[in-house]
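For reference, the structure is listed below as structure tokens.
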Amino acid sequence: NAGVTQTPKFQVLKTGQSMTLQCAQDMNHNSMYWYRQDPGMGLRLIYYSASEGTTDKGEVPNGYNVSRLNKREFSLRLESAAPSQTSVYFCASSEGGGTGELFFGEGSRLTVL
Amino acid sequence: AQSVSQHNHHVILSEAASLELGCNYSYGGTVNLFWYVQYPGQHLQLLLKYFSGDPLVKGIKGFEAEFIKSKFSFNLRKPSVQWSDTAEYFCAVTAQSSASKIIFGSGTRLSIRP
């Protein structure tokens, strides 16, 4: 079982460049999430998708867009990267309803120069 | 909107010491509460969760947490820590009215001296 798979694992961008982080889960989960993890700030929710066809803003959505492509896939796009977006990004999924366990991917380390 | 505070940023203990990590949430309605652990180089995994019922919940690896509604708290405890408990611990909350929106605290780094 792959669980939650994120790509790429590492990426270096220049300020103003765009990129998309891909996430796929094979657990037939309804809900998917994007978090960023920064030292001393824990995990902050960027966007989430409670179910296929819906997306909602989290705590820090500015500068990001998401697409729930289908039940399996949830992508995160940076249209014009900024140094403040240097972080480790985690995708997660759960059965849904907030009562289930979150399953995390291995993370994507993004550096914006 | 719900929020979570973890006031202990870094806790250092010796092996066999007792552990209590604080977690306070801010939300006026009914919540679901979680503790996650992140071991060095790994991603987060669930330690325990509370939805309703007995406010004292037991999780994996000997951890437990107590929900005190009047204090808006969900502190994590372990009677005797081991070196292998060295990790970062995150409290998380979701409001039952918007149950898919799961918010994490800033985390507490736990270092255990052998």
Side-chain angles (χ1 to χ4, degrees), chain A residues 2-6 9-10 23 25 27 29-61 66 68 71 74 87-109, chain B residues 1-11 21-27 29-53 57 59-60 87-110:
Chain A
V4 178
T5 303
Q6 293 179 230
K9 289 186 169 48
F10 300 94
C23 176
Q25 52 92 9
M27 295 172 282
H29 283 168
N30 291 310
S31 300
M32 297 186 73
Y33 304 79
W34 278 106
Y35 290 90
R36 59 177 289 175
Q37 184 175 25
D38 302 288
M41 305 196 74
L43 277 81
R44 291 181 290 170
L45 181 62
I46 305 171
Y47 271 93
Y48 66 104
S49 171
S51 60
E52 186 180 359
T54 69
T55 60
D56 286 286
K57 294 178 180 180
E59 302 169 276
V60 290
V66 290
R68 184 74 184 265
K71 192 171 185 179
F74 188 41
S87 187
V88 180
Y89 291 84
F90 286 96
C91 179
S93 70
S94 77
E95 291 181 351
T99 58
E101 178 178 354
L102 283 173
F103 291 83
F104 286 85
E106 293 187 2
S108 299
R109 185 174 293 275
Chain B
Q2 66 270 39
S3 65
V4 182
S5 295
Q6 293 181 248
H7 301 294
N8 309 111
H9 298 295
H10 188 194
V11 173
L21 301 182
C23 172
N24 289 93
Y25 67 93
S26 173
Y27 185 72
T30 305
V31 295
N32 298 329
L33 295 156
F34 307 83
W35 275 98
Y36 281 81
V37 61
Q38 186 178 32
Y39 296 105
Q42 299 185 23
H43 50 75
L44 277 77
Q45 56 186 279
L46 183 68
L47 268 180
L48 48 78
K49 59 187 177 184
Y50 171 80
F51 299 148
S52 63
V57 293
I60 61 171
E88 191 152 17
Y89 293 81
F90 296 92
C91 184
V93 64
T94 179
Q96 288 192 2
S97 60
S98 58
S100 292
K101 185 176 183 180
I102 303 174
I103 302 298
F104 283 80
S106 57
T108 297
R109 185 156 64 98
L110 176 64

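When A/Gly58, A/Gly107, A/Gly105, A/Ala92 are compared by the number of non-hydrogen pairs under 4.5 Å with chain B, A/Gly105 comes out ahead. Among A/Leu43, A/Asp56, A/Asp38, A/Asn30, the residue making the largest number of heavy-atom pairs under 4.5 Å with chain B is A/Leu43.
Counting heavy atoms from C-beta on, the side chains of A/Tyr35 and A/Leu102 come closer than 4.5 Å. When side chains are defined from C-beta on, B/Val93 does not count as touching B/Asn32, because their heavy atoms never get closer than 4.5 Å.
Ring pair A/Phe104/B/Tyr36 is perpendicular by interplanar angle, where above 60° counts as perpendicular and below 30° as parallel. Using bins of under 30°, 30° to 60° and over 60° for the plane-to-plane angle, the ring pair A/His29/A/Phe103 lands in the tilted bin.
With a 4.5 angstrom heavy-atom cutoff, B/Gln6 does not touch chain A via any of its atoms.
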